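The figures here come from the full heavy-atom set of this structure, side chains too, leaving out hydrogens, waters and symmetry mates. Worth saying up front: this structure is predicted, and the values here are computed from it rather than measured.
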Amino acid sequence: MKKIIRNRSALVGLILISILLFFAIFANFVVPNDPYDMDIWVSYGAPEWFGEGSKYILGTDDMGRCVLSRIIMGSRISLMVGAVATGSSLILGVFFGAIGAYVGGKTDAIIMRLMDLILSIPSILLAIAIVATLGPGMVNAMIAIAIVRVPQMARVTRSMVLSIKEEDYVQAGKALGFSHGRILFKHILMNCFAPIMVVATLGMGTAIVVEAGLSFLGLGAQPPIISWGRMLAMGREAIRSAPHMTLYPGLAIVFTVLGFNLLGDGLRDIFDPQLKER
Amino acid sequence: MFKYIIRRLLQLIPVIIGISIVVFMIVHLAPGDPILMMLGEDATPEDYLRLQRIYGFDRPIYEQYLRWAGNAIQGDLGVSIRQGAPVSMLIYSRLPATIELAFVSVLLAVLLGVPLGVLAAIKRQSPVDFFSMVIALLGVSMPGFWVALMLLTYVALNVGWIPMFGRGGSVFYGLWQLITTFDGSELYDGLRYVMLPAISIGTAMMAIITRLTRSSLLEIMGKDYIRTARAKGLTERVVVFKHGLRNALLPVVTVVGIQFGAMLGGAVITETVFAWPGAGRLIVNAIQQRDFPIVQGGVLMMALIFTLVNLTVDLSYAVLNPRIRYD
């Protein structure tokens with residue numbers, strides 16, 4: 001933790017993510033207005049900032065709903081989809097990568113060819129195709145994002161396990177007759193934790209961007225669920241009259257992804273000091 | 001080298017078969033009846049039977065796959081459900097626009113990213129370095145389609161000669177025309193339209209290239225042979241560009257290849273924003289209209305292009321780095 005505070009990029013990332021988490025968790029209490037409340041007399045209302053008696057700081061959308069409140073509510077979906085998708089891909093990727101590297105031989109070859117196959121189709125395109133088949137919706141978007149993210153996790157885990165497998169302490173464990181499960185999980189995977197966390201943190205950013213893209217195309221979370229991607233899609237219809245409808249939800253995405261990227265970069269520097277030298 | 005190329009080409013075969021199975025399965029693993037999904041709720045029994053016969057859904061699944069794949073090899077990707085035209089023809093007519101957009105985006109990313117990365121590495125810890133890192137960080141954090149929306153709102157709406165939607169003349173043909181007849185009108189028209197979409201798609205790639213060029217060049221500049229080159233009394237310019245940059249660009253080439261795929265994917269959404277008449281927009285529209293033959297064919301084509309680009313990148317190693325031996 002001390003190292004995180006000393007690393008500037010990790011610290012800034014952590015602060016950004018903390019702010020975001022705070023807003024997401026306490027969304028119900030911090031929203032200035034009801035995000036679903038329509039005020040059609042002020043639809044497409046411009047941002048009022050902090051002027052006297054201003055009600056809608058970041059303006060209103062096509063139905064006169066408070067953009068700021070909707071961005072705050074929308075943070076929940078972005079973070080949740082990102083976390084669930086990244087978590088699932090992490091579990092699957094670590095499982096396949098570790099099994100492949102530990103068992104080796106044909107099992108490894110088959111698993112890695114399968115991963116190569118997923119990688120051979122551009123990931124956003126594959127995600128779009130998967131959601132298009134399963135049907136639009138938040139859960140299906142999570143499934144699609146998780147699937148396209150598995151290969152990267154599997155590759156990182158595999159390369160880590162391959163190198164740690166040969167360490168003396170693992171050989172010692174084998175000599176002592178420990179079960180494969182115990183060696184793999186307790187001795188090997190515990191030591192791969194750091195690089196896998198780096199990939200997962202950076203992966204959160206990617207997952208959130210893909211989710212926004214899917215929602216933008218109308219394939220992600222469906223109304224009345226508020227998502228940033230959908231807000232952008234709505235704003236796209238009104239870029240002439242209400243540019244704030246696309247500017248602010250987009251900035252929310254940028255800051256979120258930036259937070260995860262900074263934290264991921266920082267963690268990588270901390271875990272692998274050699275890289276920082278560059 | 002020749003043997004290596006042949007081997008790499010042969011290795012492509014299982015990959016392509018794999019891709020085709022995945023793409024085929026995408027439609028067939030869908031829950032529910034694929035025909036009903038294509039037809040929607042208002043299907044008549046006649047429509048249903050007709051489609052079942054056309055697509056051979058009454059046959060066993062492997063037979064369906066073999067039939068589809070066999071046709072695909074011959075360039076027959078089926079018939080669009082909504083437009084009634086052959087899918088291969090629809091994709092073929094849209095591909096030039098997508099390839100042109102991708103090409104201009106890569107060019108833009110490389111032309112801006114490499115110099116910025118080099119500058120940042122030479123003037124380390126300077127304002128230029130800081131600026132380049134900010135660009136690099138923001139670039140990878142902004143979704144391409146949002147950049148597209150911002151460019152539309154704040155550039156296209158304010159600058160009269162930059163159009164908001166669609167595609168003008170062909171940039172490739174325009175370039176050819178400029179060279180042969182000194183007539184730049186087609187090129188100007190093409191560039192006017194392609195500019196904003198290319199910036200939207202190329203931004204992330206430029207960010208990655210900047211960062212990688214910087215770190216890669218910094219690493220190389222610490223090597224012994226650079227010290228030797230300096231000791232020989234070579235000018236700094238020759239040291240950086242001939243000895244440093246040439247070696248530092250190798251990882252950049254890899255990343256350009258890898259990112260090309262991400263770009264093709266991202267282009268799908270950006271094309272929609274700019275109404276760019278490319279293959280990506282064709283696929284998105286097909287998804288919205290549940291026109292599955294187009295989705296299948298389009299994803300297959302994109303994956304094939306991606307695979308071929310990766311192969312080209314691998315092969316270009318041999319040219320760039322003679323130290324790599326292939327046997």
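For B/V284, the part sitting under 4.5 Å from any heavy atom of chain A is the side chain, from C-beta outward, and nothing else. Within the 4.5 angstrom heavy-atom criterion, no atom of B/V147 approaches chain A. B/M142 touches chain A through backbone and side chain together, each having a heavy atom under 4.5 Å away. For A/L251, the parts lying near chain B are the backbone and the side chain together; criterion is any non-hydrogen pair under 4.5 Å. Neither the backbone nor the side chain of A/I208 comes within contact range of chain B; no heavy atoms are under 4.5 Å apart. When heavy atoms are compared at a cutoff of 4.5 Å, B/I283 approaches chain A solely by way of its side chain, counted from C-beta outward. Residue B/L157 touches chain A through its side chain alone, counting heavy-atom pairs closer than 4.5 Å. Contacts between A/R113 and chain B at a heavy-atom distance below 4.5 Å are absent for every atom of the residue. Both the backbone and the side chain of A/T246 come within less than 4.5 Å of a heavy atom of chain B.
Residues A/S78 and A/E211 come closest through the heavy atom pair OG-OE1, 3.7 Å. What you find for A/L247 and B/W146 is that their closest heavy atoms are O-CZ2, 3.5 Å. In this structure, B/A121 and B/L218 approach most closely via the heavy-atom pair O-CD2, 3.6 Å. The heavy-atom pair separating B/S80 from B/V87 by the smallest distance is N-CG2, 3.7 Å.
Using a cutoff of 4.0 Å between basic side-chain nitrogens and carboxylate oxygens, A/R155 and A/D116 are scored as salt-bridged. A salt bridge links A/D265 to B/R211: one of the charged nitrogens lies within less than 4.0 Å of a carboxylate oxygen.
B/S132 contributes a side-chain N or O that, together with a main-chain N or O of B/D129, makes up a donor-acceptor pair within less than 3.5 Å.
With a 4.5 Å cut-off on side-chain heavy atoms, A/P151 and A/F96 do not count as touching. When side chains are defined from C-beta on, B/P197 does not count as touching B/E271, because their heavy atoms never get closer than 4.5 Å.
When each of B/S141, B/P14, B/G18 is checked for heavy-atom pairs under 4.5 Å with chain A, B/S141 comes out on top. With respect to chain A, the highest number of heavy-atom pairs below 4.5 Å among B/L300, B/T272, B/L152 belongs to B/T272. Comparing A/I124, A/L262, A/L258 by how many heavy-atom pairs each has under 4.5 Å with chain B, the most go to A/L258. The candidate from A/P243, A/P136, A/A233, A/P249 with the greatest count of non-hydrogen atom pairs under 4.5 Å with chain B is A/P243. The most heavy-atom pairs under 4.5 Å with chain A, out of B/V268, B/L138, B/V273, come from B/V273.
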